Student: 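Before anything else, here's the structure in question.
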Amino acid sequence: MDRDRPRPARLQPGPPGPDLPQRRGRPGRYDGRHGLRRPRTRRPRLQRDDAAAGRRHPHRHPGGCRSHAGRRRGGDLDRRPRHPHEQGGSTSMSTTDQGTTTPVRVRMAPSPTGSPHVGMIRTALFNWAFARHHGGTFVFRIEDTDKERSTDESLRSILDLMRWLGLDWDEGPEVGGPHAPYFQSERGDKYADALALLRESSRTYDCYCTNEEAAARRKAAGSKVQGYDGFCRELSDEQREAFIAEGRKPIVRFRMPEGSITWHDLVRGEVTFETEFVPDFALCRANGDPLYTLVNPVDDALMEITHVLRGEDLLSSTPRQIALYEALKEVGIAKATPQFGHLPYVMGEGNKKLSKRDPEAHALAYRDQGYLPEGLLNYLALLGWAIAADRDVFTLEEMVEAFEITDVVANPARFDIKKCDAINAAHMRRLSIEDITHRVIPFLKADGVLSDPVNDADAQLLELAMPLVAERINKLSEASALLEFLFVDEDAFEVDPDDAAKVIGEAGIPVIQASYDALAALPTWSTEAIQAALQAALVEGLGLKPRNAFGPVRVAVTGRRISPPLFESLELLGRERSLGRLQRALG
RNA sequence: GCCCCCAUCGUCUAGCGGCCCAGGACACCGCCCUUUCACGGCGGGUACGCCGGUUCGAAUCCGGUUGGGGGUGCCA
């Protein structure tokens with residue numbers, strides 16, 4: 001073949017034990033222990049006999065915390081009996097370490113380049129939920145090796161995002177941890193050490209070729225495979241010296257082993273790659289800068305990550321990582337190869353991976369548009385996972401309780417903003433008035449509806465008005481339009497011209513006049529009295545349908561055709577301001 | 001090109017060989033409720049890509065095919 005070396009049929013035996021169900025795609029339920037899986041059974045967790053409730057508090061200390069009080073490390077790990085025949089390790093390149101009971105350690109490792117993406121949230125959420133479900137550790141690591149593209153702004157955005165979402169991390173930026181530092185830019189010595197050890201082993205070799213040379217050789221050989229061809233694998237001293245004499249600087253390449261590499265993917269089942277299709281890859285640049293291919297596995301190894309849950313785009317780099325892990329174990333850097341689970345893409349319009357170009361991709365925009373973190377997270381969780389056959393709305397706590405990585409489906413999901421809205425709306429309706437008021441205030445301030453700080457009178461008015469508004473908004477940002485008329489100064493009050501044209505006009509003037517007369521005569525200014533007076537004057541008096549009767553009044557007083565309930569609104573506005581606005585509408 | 005992944009309503013999913021002429025949610029279409037809006041209620045249409053095989057029985061297992069996606073870097 002391309003490397004001119006014989007290829008043994010298969011290094012790996014087939015599926016391990018006779019009792020191990022190896023259904024592709026729907027693997028057995030993962031029980032939190034390395035290499036162990038059991039056949040899926042329907043929601044056995046619902047019958048759990050321990051008091052799981054109150055054990056975890058996913059919302060505590062958003063933004064990361066040190067306190068592990070109350071968290072049971074490795075909580076679920078010993079719950080189920082081990083099945084003697086169930087072993088996940090199936091190959092010489094096994095991704096599992098049989099017999100261990102290591103507590104779960106997962107990580108989120110974003111690159112701080114550009115604006116954080118909703119796909120990133122989904123990955124973070126599944127990692128977080130997996131960690132919390134198993135009472136494990138959620139590590140947050142910043143992969144800022146690319147100095148050109150990494151920015152502080154992006155880093156801040158990611159941290160803000162995680163804090164807003166309430167996905168707290170146990171180790172990482174701001175909280176530190178036993179494997180600090182958690183910024184790759186501060187871990188250069190570790191990569192240099194790893195590279196030096198690897199270079200001393202037989203697993204790597206120095207390569208002097210240019211890309212062009214390798215590509216030309218591939219082409220000349222009529223190879224179907226692209227990428228490096230292994231030319232420098234067995235260089236003679238003379239060849240090496242000749243290259244050096246030419247002034248070439250070598251890079252370090254990893255020597256892919258022969259045969260095939262198989263792993264049991266946590267979401268996809270068994271995946272196999274023939275290594276003839278996995279070219280020897282570079283670990284560093286000629287100037288010595290380590291590449292992602294090196295730093296990512298080295299950090300995972302050093303941080304003792306047990307499960308790597310990441311995007312499907314990394315699927316094809318997994319055989320390289322598994323092979324590298326073998327070398328890292330050999331040189332004493334890695335203790336064990338993690339298990340891998342490749343999450344499906346979040347797709348955008350037109351069946352393409354949701355790209356940064358899509359406005360829907362920008363994660364922080366959801367916060368600014370008034371989505372609830374619990375709503376967004378709930379929706380994102382639905383992309384690839386279901387808590388039950390007939391349920392879509394759930395809390396983070398419920399997700400933690402029920403989340404199984406092996407329940408995640410492998411097919412890519414389209415991001416549907418309408419459903420996202422609907423799920424968010426469901427969470428809005430679950431909030432108490434106090435809670436929703438609290439959350440709406442920043443939006444009201446930003447929109448200039450409320451002053452900052454809020455004065456006492458406005459605070460009081462808001463407290464009275466929110467019950468009317470809370471049930472009719474689906475996003476926090478929608479409150480301003482509904483409340484503005486109550487807080488605006490009279491001389492700044494404006495009536496929407498389009499709405500006025502539609503319902504006031506000539507036909508509306510008599511209606512407003514009649515309303516003014518009826519309300520001006522009112523001895524008490526209450527919702528009930530207002531309703532009775534308007535009902536009598538307009539519906540009975542003028543013979544109007546309620547819709548036509550109250551429309552003009554609504555626009556005159558609230559400025560818009562869409563408002564909180566009219567009679568309550570009038571009461572809150574007060575007699576003087578209400579009558580004044582009716583007067584103004586009359587011209 | 002080559003390699004890998006994926007395949008149930010428009011969308012997200014349930015389904016783990018008989019409970020399925022396929023369930024839920026969003027969207028859509030009617031109707032009801034209603035002072036606008038937002039809720040809420042009732043009803044409706046719409047899906048197992050295709051071809052083989054295994055089986056008494058297949059959406060479910062196997063093979064193929066087609067279609068989609070991803071990868072194929074001294075990017076991450």
Side-chain angles (χ1 to χ4, degrees), chain A residues 21 23-26 28 39-42 109-111 113 143 145-146 148-149 207 209-211 223-228 249-253 265 268 271-274 276-279 281-287 289 291-293 295-296 311-319 342 344-345 347 351-353 379 382-386 388-393 409-423 425-426 428-429 469-474 478 481-482 499 503 531 534-535 538-539 545-551 553-555 558 560-567 569:
Chain A
R23 276 190 304 255
R24 266 165 44 90
R26 300 316 307 248
R40 287 166 58 98
T41 47
R42 201 58 217 163
S111 291
T113 56
E143 302 218 332
T145 40
D146 190 337
E148 299 296 303
R149 296 196 300 147
C207 172
C209 301
T210 65
N211 280 334
S223 170
K224 291 189 252 182
V225 182
Q226 293 182 27
Y228 192 65
K249 286 264 194 304
I251 62 166
V252 178
R253 272 191 199 278
D265 195 276
R268 278 149 220 277
V271 180
T272 298
F273 280 78
E274 302 295 329
E276 68 174 292
F277 301 113
V278 184
F281 57 96
L283 294 172
C284 68
R285 295 201 165 97
N287 65 9
D289 283 354
L291 293 165
Y292 165 82
T293 49
V295 300
N296 181 277
E312 190 185 344
D313 47 335
L314 275 329
L315 189 67
S316 57
S317 75
T318 304
H342 290 90
Y345 282 116
M347 314 290 273
N351 241 356
K352 289 186 317 233
K353 187 182 165 191
Y379 174 66
L382 257 17
L383 265 27
W385 184 74
D390 56 357
R391 193 148 84 101
D392 274 354
V393 179
V409 300
N411 40 321
R414 177 85 133 266
F415 188 93
D416 179 358
I417 190 68
K418 284 192 174 157
K419 179 141 186 181
C420 183
D421 285 351
I423 298 292
M428 290 283 286
R429 275 170 240 129
V469 169
E471 60 188 17
R472 20 183 64 78
I473 59 175
N474 289 327
E478 290 166 5
L482 252 24
D499 286 356
V503 299
Q531 175 162 14
L534 289 180
Q535 187 88 24
L538 308 180
V539 178
K545 285 183 182 171
R547 181 185 195 87
N548 298 327
F550 304 128
V553 185
R554 184 186 306 282
V555 172
T558 70
R560 305 176 67 231
R561 280 193 299 166
I562 299 171
S563 81
L566 181 59
F567 315 122
S569 296

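Per chain, numbering begins at 1; letters A, B, ... match sequence-line order. It should be emphasised that the depicted structure is a prediction, and the values quoted were computed from it without experimental measurement. Reckoned from all heavy atoms, side chains included, excluding hydrogens, waters and symmetry mates.
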Student: Taking only the side-chain heavy atoms of A/Glu312 (C-beta and beyond), determine which of B/U36, B/C5, B/U35 contains the nearest atom.
Tutor: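 Of the candidates, B/C5 comes closest.
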Student: What's the closest nucleotide to the A/Lys418 side chain, out of B/C26, B/C75, B/U35?
Tutor: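 Comparing B/C26, B/C75, B/U35 against the side chain of A/Lys418, the answer is B/C26.
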Student: Pick the P atom in B/C2 and in B/U11, then give their distance to the nearest Å.
Tutor: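 These two P atoms come out 29 Å apart once rounded.
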Student: Under 4.0 Å between a side-chain N or O of A/Asn411 and OP1 or OP2 of B/U8?
Tutor: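 For B/U8, OP1 or OP2 has a side-chain N or O of A/Asn411 closer than 4.0 Å.
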Student: Remember a base hit wins even if backbone is also touched, and classify A/Arg253 as base, sugar-phosphate or nothing at under 4.0 Å, heavy atoms.
Tutor: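 A/Arg253: backbone/sugar contact only, no base atoms under 4.0 Å.
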Student: Looking for any heavy atom pair under 4.0 Å, which part of the strands does A/Tyr345 touch: base, sugar-phosphate only, or nothing?
Tutor: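 Sugar-phosphate, backbone atoms only, no base.
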Student: Just call it for A/Arg547: base, sugar-phosphate, or nothing, with non-hydrogen atoms closer than 4.0 Å on any strand.
Tutor: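 Here A/Arg547 touches the backbone only, sparing every base.
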Student: Using a cut-off of less than 4.0 Å, is there contact between a side-chain N or O of A/Asn211 and OP1 or OP2 of B/C74?
Tutor: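 Yes.
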Student: Side chain of A/Tyr292 only, please: which of B/C5, B/A76, B/C74 is the nearest?
Tutor: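 Side chain of A/Tyr292 sits closest to B/A76.
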Student: Of the nucleotides B/G1, B/G70, B/U36, which has the atom closest to the A/Ser563 side chain?
Tutor: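 Closest of the options to the side chain of A/Ser563: B/U36.
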Student: Considering only side-chain heavy atoms of A/Lys419, which listed nucleotide, B/G24, B/U35, B/C74, is closest?
Tutor: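 Of all the options, the side chain of A/Lys419 is nearest to B/G24.
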Student: Which part of the nucleic acid, if any, lies within contact of A/Leu534, taking any heavy atom under 4.0 Å across all strands shown: a base, the sugar-phosphate backbone alone, or nothing?
Tutor: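 Answer is nothing: A/Leu534 stays at 4.0 Å or more from every strand.
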Student: Need the pair for B/C74. Rule: Watson-Crick or G-U wobble, both distances under 3.5 Å, any strand; none if unpaired.
Tutor: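 Its partner is none (no Watson-Crick or G-U wobble pair with both distances under 3.5 Å).
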Student: At under 4.0 Å between heavy atoms, what does A/Ala282 touch on the DNA or RNA strands: base, sugar-phosphate, or nothing?
Tutor: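 Counting heavy atoms under 4.0 Å across all strands, the contact made by A/Ala282 is with sugar-phosphate only.
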Student: So which nucleotide from B/C3, B/G10, B/U13 ends up closest to the side chain of A/Asp416?
Tutor: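 Nearest nucleotide to the side chain: B/G10.
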Student: Can you figure out which of B/U36, B/A27, B/A76 approaches the side chain of A/Leu291 most closely?
Tutor: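 Of B/U36, B/A27, B/A76, B/A76 is nearest to the side chain of A/Leu291.
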Student: From the set B/C37, B/A76, B/C4, return the single nucleotide nearest to any side-chain atom of A/Arg149.
Tutor: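 The closest nucleotide is B/A76.
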Student: Which one, B/C4, B/G24, B/G1, comes nearest to the side chain of A/Gln226?
Tutor: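 Nearest listed nucleotide: B/G1.
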Student: RNA chain B: A/Asn474 or A/Ile251, which has the more 5' nearest nucleotide?
Tutor: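 Whichever sits nearer the 5' end wins; that is A/Asn474.
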Student: In whole Å, measure the gap between the P atoms of B/G57 and B/G52 for me.
Tutor: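 The answer is 15 Å between these two P atoms.
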Student: Has A/Arg561 got a side-chain atom pairing as donor or acceptor with A/Val555's backbone, closer than 3.5 angstrom?
Tutor: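 Not a single qualifying donor-acceptor pair exists.
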Student: Does A/Arg253 qualify as a cation-pi partner of A/Tyr228, given the criterion of NZ or CZ under 6.0 Å from the six-membered ring centre and within 45 degrees of its axis?
Tutor: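 Verdict for A/Tyr228: a cation-pi partner in A/Arg253.
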Student: Within the 4.0 Å heavy-atom criterion, would you say A/Ser111 contacts the bases, only the backbone, or no part of the nucleic acid?
Tutor: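 Sugar-phosphate contact only - A/Ser111 comes under 4.0 Å of backbone atoms but never of a base.
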Student: Using the P atom in both, what is the distance from B/C26 to B/G17, to the nearest Å?
Tutor: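 Their P atoms lie roughly 30 Å apart.
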Student: Applying a 4.0 Å non-hydrogen cut-off, can you work out what A/Gly551 is touching in the nucleic acid: base, sugar-phosphate, or nothing?
Tutor: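 If one applies the 4.0 Å heavy-atom cut-off, A/Gly551 turns out to touch nothing in the nucleic acid.
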Student: Of the candidate nucleotides B/U13, B/C75, B/C4, which contains the atom at the shortest distance from the side chain of A/Arg285?
Tutor: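 Output: B/C75.
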Student: In whole Å, what separates the C1' atom of B/G68 from that of B/G73?
Tutor: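 The same atom, C1', in both gives a distance of 25 Å.
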Student: Taking only the P atom of each, what is the distance from B/C51 to B/A14 in whole angstrom?
Tutor: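 Rounded to whole Å, the distance is 25 Å.
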